[in-house]
Amino acid sequence: MKLVQVAGYLGSGKTTLILDLVRAMAVDGVKVAILVNDVGEIPVDGKVLSLSGMTVKDIGGGCVCCQVAGNLMKTLETLGTTQKPDIVIVEPTGIAVPESIRETARMASRRVKVTLGPVIVLFDTTRVDKLISYDTINRLVARQVNDADIVALSKVDAASEEAIAKSAAEVARINPKARILRLSAESGEGIEELARQAQRELAPV
Amino acid sequence: MSQTGRGHENSKSPLHQEFNSCGFVMSMRRQTPLGEDELRAMARELMLAVTEKTRIAGAVEVGHIKAVMESGGGIIYANTVGDPSDITVKGGGLGSPSMELKLTLNSVILGLSGDEAASAAREAAEVWAGIYGLKVNSKE
């Protein structure tokens, strides 16, 4: 099974994107499972995602990049030995560090067959000033962007061209190697392209 | 949907030490049925109420407030990042209007402890419920 990570700061549009990605990827018999992590004690995103009719595994009780990393590993093992999906889309919390999750997946790959797909990080263009100006948030967002293979500039339908350009410049400064694309759940811009890239890209474990 | 157990917990990443979260479930009931349009309006009001109460409690920043409201076989979900102009309310599919409502709420806050964030969110939700004539039957 191939693991695709959809990360990004709180409120950047991860759950909405995943609903669209699943629709684009689950064609021709491709089995997609969703693994979702809410940082709060009571998971909410899993309830929303389960409406898509896909297999949804919900991890609550803390952040999967640190506090409950062991649960991620166990869940990947369970998925890999029981349901065996072709693609697992992981939605970590909005405060997760993507590379830590990748590391956990590498460890899981010693027990079940997991191939690491791309890390997609969403960057909310409508809040670029907040994301880059407040220290605590900026440090976290910079780390998330730094760990990305693909950065999707989200909510471009609601942001000014100036804010989008500023977001793209900031992302390119932090991670010059990341591919950057524009994304709008509202208009559908970028969804198909992102699904294509996520399916195509296979990084060896 | 299935949920994993809590299992072994490690310490928080240093990058998100200042973020704390809370979550709760409330089951409520009132004397008259809840329609879909009313639930949508209520969801928006709830986002505003929890945001405001959280800020009054001293939050530096609202990371995310998310709620799922289940009633009449349907589901309404709402979320906000603390900006009144950026509240999303989606979902639907309510069959016949019901007098029962189950609310699941989750928030991630910067600058409050988990207990402080929980108190603020619970208090806001209880006042909100009272305004709409809902009696809280149980809390988790």
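It should be emphasised that the depicted structure is a prediction, and the values quoted were computed from it without experimental measurement. The chains referred to below are lettered A, B, ... by the order of the sequence lines, with proteins before strands, and numbering in each begins at 1.
B:Glu18 CD to A:Leu140 CG: the interatomic distance, rounded to the nearest 0.5 Å, is 10.5 Å. Note that CZ of B:Phe19 is 9.5 Å distant from OG1 of A:Thr93, once rounded to the nearest 0.5 Å. One finds the CD1 atom of A:Ile95 at 12.5 Å from the NE2 atom of B:His64 (value rounded to the nearest 0.5 Å). In this structure, CG on B:Leu15 lies 8.5 Å from OG on A:Ser100, to the nearest 0.5 angstrom. In this structure, the separation between NE2 on B:His16 and CD on A:Gln67 is 6.5 Å, given to the nearest 0.5 Å.
Of the two parts of B:Val62, neither the backbone nor the side chain holds a non-hydrogen atom closer than 4.5 Å to a non-hydrogen atom of chain A. Of the two parts of A:Arg139, the backbone and the side chain both hold a non-hydrogen atom closer than 4.5 Å to a non-hydrogen atom of chain B. At a 4.5 Å heavy-atom cutoff, A:Thr55 makes no contact with chain B through either its backbone or its side chain. For A:Val97, the part sitting under 4.5 Å from any heavy atom of chain B is the side chain, from C-beta outward, and nothing else. For B:Ile65, no part sits under 4.5 Å from any heavy atom of chain A, backbone or side chain. Proximity to chain A (any heavy atom under 4.5 Å) is shown, for B:Gln17, by neither the backbone nor the side chain.
Summarising the local packing, CD of A:Glu186 is surrounded by 12 or fewer heavy atoms from other residues, nucleotides or ligands at distances under 6.0 Å. Within a 6.0 Å sphere centred on CD of A:Glu99, heavy atoms belonging to other residues, nucleotides or ligands number more than 12.
Below 4.5 Å, heavy atoms of chain A meet heavy atoms from B:Val81, B:Asp86, B:Lys90, all part of residues 80-98 of chain B. Interface with chain A: from residues 114-134 of chain B, no residue qualifies, criterion being any non-hydrogen pair under 4.5 Å.
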Candidate pair A:Thr15 and B:Lys66, rule side-chain contact (heavy atoms from CB on, under 4.5 Å), full reasoning: CA-CA 11 Å; A:Thr15 307; B:Lys66 296 183 265 191; 5.6 Å; no
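Shortest non-hydrogen contact noted between B:Ser13 and A:Cys66 is N-SG, 3.2 Å.
Ranked by heavy-atom pairs under 4.5 Å with chain A, the first of B:Asn20, B:Leu105, B:Val60 is B:Val60.
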